[in-house]
Every structure is written in C-alpha cells, then in structure tokens.
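Numbering starts at 1 and runs along the sequence shown.
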Amino acid sequence: IFDAMYECGENVSLVDTLVKIGTERLGVSASEVNDLKLHLENNVGAKDVMKEIRTGRRRYQIQGVPFFVIGAVDGETSLGQPYGFSGAQDSSTFADIFEELAGNLA
C-alpha cells in the first residue's frame with residue numbers, strides 16, 4: 001500500500017485500487033476478489049481495527065506516528081517485554097534493540 005500510494009501515486013482510499021493491489025501485488029486470487037471487495041465496501045473488521053488501536057494507545061502510550069513496537073517471538077510465544085518507542089530513530093537504535101532481542105533467542 002505504501003508503494004502504491006507514495007511511489008505510484010495511487011489513491012488507496014478507493015476499493016478498486018485496494019483490490020488491484022491485492023490481486024497484482026499480494027496474490028489475491030480471482031476467486032477471492034468478490035469477497036475482498038465486499039469486505040472493503042462494508043468495513044468488515046473496522047471495529048476490530050479500532051479496538052487494536054485503542055489497545056496499542058493504552059498499552060504503549062502511543063500518541064503519534066511513527067511509533068514502533070519491537071519484540072522477540074519464538075513461534076507464537078513472546079520472549080520478554082517488547083520495546084515501544086516513538087519518533088524517527090537513528091539506525092543504531094534499531095540495531096541495538098535487534099542485538100539485545102537476538103540474545104533472548106539464544
């Protein structure tokens with residue numbers, strides 16, 4: 001979606017554009033197009049998305065974007081407390097966090 005919007009100038013607020021992205025870039029099959037279109041046109045899942053946004057704001061005190069949550073997982077199991085931080089970060093910040101999390105996997 002990012003590429004379609006910022007690199008190609010597509011209007012990702014349009015259902016047809018999202019369906020096109022799904023079929024051309026994400027492997028949505030022709031047999032799934034009608035279901036995808038209905039899903040998007042009827043805002044299926046919108047309540048769940050809003051619930052997750054509220055949970056993220058509460059859990060990580062998210063107040064702006066960009067906001068990053070990075071944690072180590074092994075399959076479905078979380079390994080320790082994830083890191084949450086806001087704003088543009090230097091690449092060294094990510095490298096330090098990834099190195100620390102990699103240690104949790106050992």
*Asks:* With E100, which residues qualify under side chain to side chain donor-acceptor pair (under 3.5 Å), at least two apart?
*Replies:*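 With sequence neighbours excluded, E100 shows a side chain to side chain donor-acceptor pair (under 3.5 Å) to Y83, given in chain and number order.
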
*Asks:* Compare every heavy atom of A4 with every heavy atom of I21, then report the nearest pair and how far apart it is.
*Replies:*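 Closest approach of I21 to A4: CD1-CB, 3.5 Å.
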
*Asks:* Tell me whether L38 at atom CG has more than 12 heavy atoms from other residues, nucleotides or ligands lying less than 6.0 Å away.
*Replies:*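 Atom CG in L38 is crowded, with more than 12 foreign heavy atoms closer than 6.0 Å.
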
*Asks:* So, using salt bridge (charged side-chain N to carboxylate O under 4.0 Å, His left out) as the criterion, who are the partners of D3 when residues are at least two apart?
*Replies:*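 Only R25 meet the salt bridge (charged side-chain N to carboxylate O under 4.0 Å, His left out) criterion with D3.
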
*Asks:* Working to the nearest 0.5 Å, report the span between CZ of F98 and OG1 of T93.
*Replies:*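 If we round to the nearest 0.5 Å, F98:CZ and T93:OG1 are 10.5 Å apart.
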
*Asks:* What side-chain donor-acceptor pairs closer than 3.5 Å can you find for residues 11-20, not counting sequence neighbours?
*Replies:*
| residue | atom | partner | partner atom | Å |
| --- | --- | --- | --- | --- |
| N11 | OD1 | S13 | N | 3.0 |
| N11 | OD1 | S13 | OG | 2.5 |
| D16 | OD1 | K37 | NZ | 3.1 |
| T17 | OG1 | N11 | O | 3.2 |

*Asks:* Sequence neighbours excluded, which residues qualify as side chain to side chain donor-acceptor pair (under 3.5 Å) partners of E52?
*Replies:*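 Testing E52 for side chain to side chain donor-acceptor pair (under 3.5 Å), a comparison that skips the adjacent residues, returns none.
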
*Asks:* Treating Ile, Leu, Val, Met, Phe, Trp and Tyr as nodes and any side-chain heavy-atom pair under 4.5 angstrom as an edge, say whether I62 and F68 lie in one connected cluster.
*Replies:*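 Looking at the clustering, F68 is in a separate group from I62.
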
*Asks:* With rounding to the nearest 0.5 Å, note down the distance linking CZ in F85 to CD1 in I97.
*Replies:*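 F85 atom CZ to I97 atom CD1 measures 4.0 Å (nearest 0.5 Å).
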
*Asks:* Shared ILVMFWY cluster between F2 and L26, side chains joined below 4.5 angstrom?
*Replies:*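 Shared cluster, yes.
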
*Asks:* Strictly distance-based, threshold 3.5 Å: is any side-chain N or O of N42 a donor or acceptor partner for the main-chain N or O of V44?
*Replies:*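 Between the backbone of V44 and the side chain of N42 there is no qualifying donor-acceptor contact (under 3.5 Å).
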
*Asks:* From E41 CD over to L36 CG, what is the distance, rounded to the nearest 0.5 angstrom?
*Replies:*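 If we round to the nearest 0.5 Å, E41:CD and L36:CG are 9.5 Å apart.
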
*Asks:* Which word best sums up how the rings of F67 and Y60 line up, parallel for under 30°, tilted for 30 to 60°, or perpendicular for over 60°?
*Replies:*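 Rings of F67 and Y60: tilted, 30 to 60°.
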
*Asks:* Tell me, please, which residues at least two apart from D48 pass side chain to side chain donor-acceptor pair (under 3.5 Å).
*Replies:*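 Testing D48 for side chain to side chain donor-acceptor pair (under 3.5 Å), a comparison that skips the adjacent residues, returns none.
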
*Asks:* With a cutoff of under 4.5 Å between side-chain heavy atoms, which Ile, Leu, Val, Met, Phe, Trp and Tyr residues group with I53?
*Replies:*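 When side chains under 4.5 Å apart are linked, the cluster holding I53 also contains V49, M50.
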
*Asks:* To the nearest 0.5 Å, what is the distance between CD on E10 and CE on M5?
*Replies:*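 CE of M5 is found 11.0 Å from CD of E10.
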
*Asks:* So, for G64 and S86, which heavy atoms are closest and what is the spacing to 0.1 Å?
*Replies:*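 Looks like O-OG, 4.4 Å.
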
*Asks:* If every non-hydrogen atom of A88 is compared with every non-hydrogen atom of P66, which pair is closest and at what distance?
*Replies:*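 Heavy atoms of A88 and P66 come nearest at N-CG, 4.1 Å.
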
*Asks:* Same hydrophobic cluster for L101 and V69, using side-chain heavy-atom links shorter than 4.5 Å among ILVMFWY?
*Replies:*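 Unlinked, L101 and V69 end up in two clusters.
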
